Amino acid sequence: MEFSKNHLTRIKLADNVLFFTGAGISAESGISTFRGTDGIWNKLKPEELANFNAFLRNPDMVWEWYQLRRSIVEESKPNAGHYAIVDCESLFENVTVVTQNVDDLHNRAGSKKVLELHGNIVKNYCIKCKTRYDNLVVEDNKKVPKCSICGGLIRPDIVWFGEMLPQDVFDDAEKAAKKCDVCFVVGTSAVVFPAANIPIIAKQYGALVVEVNLTNTDISSLVDETLLGPAGEVLPKLIEAVRNFN
Ligand code: OAD
């Protein structure tokens, strides 16, 4: 795979590097993406599963679906793409991962600074009193658990459609986007806002923006370069090329 010398020079000189990731980086770990031919939202309706009213209407069904997704995530492992990002920490002063993924795989791979814009599937909280129930183990996956303090329903700590992103996390992501010298946009269709503003902000503030995806996306026309291929193959090669570039 050939990389632009100009871009390698800029990457080599970078101090602050940001990775903006989406479902595609976890595809090679066996976790389905949301859009595209095999995407989750082609088979299931987000309005029946991934929003607060659906949860109130049918909490057991929504809980059961998230328990199934949790079991898929638990059985999966980070892949070469996640580990290439961890490797970058030895090349650059400051590496920030801003992810739309809820699968915890960047943390499990060992990335030190991960900003989760859409929450994390291993976490939960009570909808009434907000008590946290992270890594909750339940006996019956088909029945939504109730808070032991107030009896409220316990929900996954995930940003559902129509909900706000955690403001402090988004603020930190925005700061990282404004500060970064290079922004890699990996495995995302970049169509879900406000998350998809992050690489746009990076570009507006002068960063080199490099996309890694199987196909061109909505953001391809804005980025400096799109590297086509699976993240688990392209990222390790790219990092190796940066390491060896003089
Ligand atoms: P999408 O499913 O919209 O997009 C996945 C992207 O990954 C597509 O552009 C694919 O071409 C690309 N892709 C697939 N396999 C890849 C691979 N091996 N290497 C590189 N790229 C690959 O997923 P997101 O953009 O993450 O929101 O979706 C954004 C948000 O929409 C998600 O966070 C989720 C969803 O509704 C919430 O859960 C709140």
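Just so it is clear, the structure is predicted and the values come from calculations on it, not from any experiment. In listed order, ligands and their atoms are each counted from 1.
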When you measure from [atom] to every protein heavy atom, which one gives the shortest distance, and what is it?
| atom | value |
| --- | --- |
| atom 4 (O) of ligand 1 | S189 N, 3.4 Å |
| atom 20 (C) of ligand 1 | A231 N, 3.5 Å |
| atom 17 (C) of ligand 1 | G24 O, 3.3 Å |
| atom 12 (C) of ligand 1 | N213 OD1, 3.2 Å |
| atom 36 (O) of ligand 1 | W41 NE1, 2.9 Å |
| atom 30 (C) of ligand 1 | V192 CG2, 3.7 Å |
| atom 6 (C) of ligand 1 | G187 O, 3.5 Å |
| atom 27 (O) of ligand 1 | H118 ND1, 3.5 Å |

- Report yes or no: do Q100 and T21 form a side-chain donor-acceptor pair below 3.5 Å?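 No, because no side-chain N or O of Q100 sits under 3.5 Å from a partner of the opposite role on T21.
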- Message: Regarding S111 and H82, do their side chains bring together a donor and an acceptor under 3.5 Å, going by distance alone?
- Response: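 Short answer, no.
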- Query: Which is closest to atom 14 (C) of ligand 1 by heavy-atom distance: I121, N216, D218, L214?
  - Reply: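 The option holding the nearest heavy atom is L214.
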- Message: Aromatic contact between F55 and W160, with the criterion being ring centroids under 6.0 Å apart: yes or no?
- Response: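 Ring-ring flag for F55/W160: true, centres closer than 6.0 Å.
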- Under a single-linkage rule joining Ile, Leu, Val, Met, Phe, Trp and Tyr whose side-chain heavy atoms are separated by less than 4.5 Å, which residues share a cluster with V98?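 Other cluster members: L18, F20, L115, L117, V159, L165, V169, F170, V185, F193, I198, I200, V209, I219, L222, V223.
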Test of proximity, [X] against ligand 1: N or O pairs below 3.5 Å:
| X | answer |
| --- | --- |
| F34 | yes |
| A23 | yes |
| V159 | no |

Show which side-chain atoms of residues 235-246 pair as donor or acceptor with protein atoms under 3.5 Å away, not counting sequence neighbours.
| from | atom 1 | to | atom 2 | distance (Å) |
| --- | --- | --- | --- | --- |
| E240 | OE2 | N244 | ND2 | 3.3 |
| N244 | ND2 | E240 | O | 3.2 |

- Residue pair V192 / H118, side-chain heavy-atom distance below 4.5 Å: yes
If the cut-off is 4.0 Å to any non-hydrogen atom of [X], which atoms of ligand 1 fall inside it?
| X | result |
| --- | --- |
| T188 | 6 (C), 7 (O), 9 (O), 24 (P), 25 (O) |
| E28 | 17 (C), 18 (N), 19 (N) |
| G22 | 26 (O) |
| T215 | 11 (O) |
| A27 | 15 (N) |

- T131 side-chain N/O to C126 backbone N/O, donor-acceptor pair under 3.5 Å: no
- Kindly say whether Y125 contributes a backbone atom to a donor-acceptor pair with the side chain of D157 at under 3.5 angstrom?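 Looks like no, no N/O pair under 3.5 Å.
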- Tell me, with the steps shown, if N79 and E28 meet side chain to side chain donor-acceptor pair (under 3.5 Å). CA-CA 7 Å; N79 64 56; E28 289 155 85; 5.0 Å; no
- Item | Intermediate values then yes/no, side chain to side chain donor-acceptor pair (under 3.5 Å), N107 and E116 | CA-CA 10 Å; N107 292 319; E116 294 167 319; 3.1 Å; yes
Examine the proximity of ligand 1 to [X] and report which part, side chain or backbone, both or neither, has a heavy atom under 4.0 Å away.
| X | result |
| --- | --- |
| Q100 | both |
| F161 | side chain |
| R35 | both |

- Task: I would like to know whether E74 and I72 meet side chain to side chain contact (heavy atoms under 4.5 Å, CB included); could you show each step before the answer?
- Result: CA-CA 6 Å; E74 265 168 33; I72 295 168; over 6 Å; no
- What do you reckon, is NZ of K203 surrounded by more than 12 foreign heavy atoms closer than 6.0 Å?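 Yes, enclosed.
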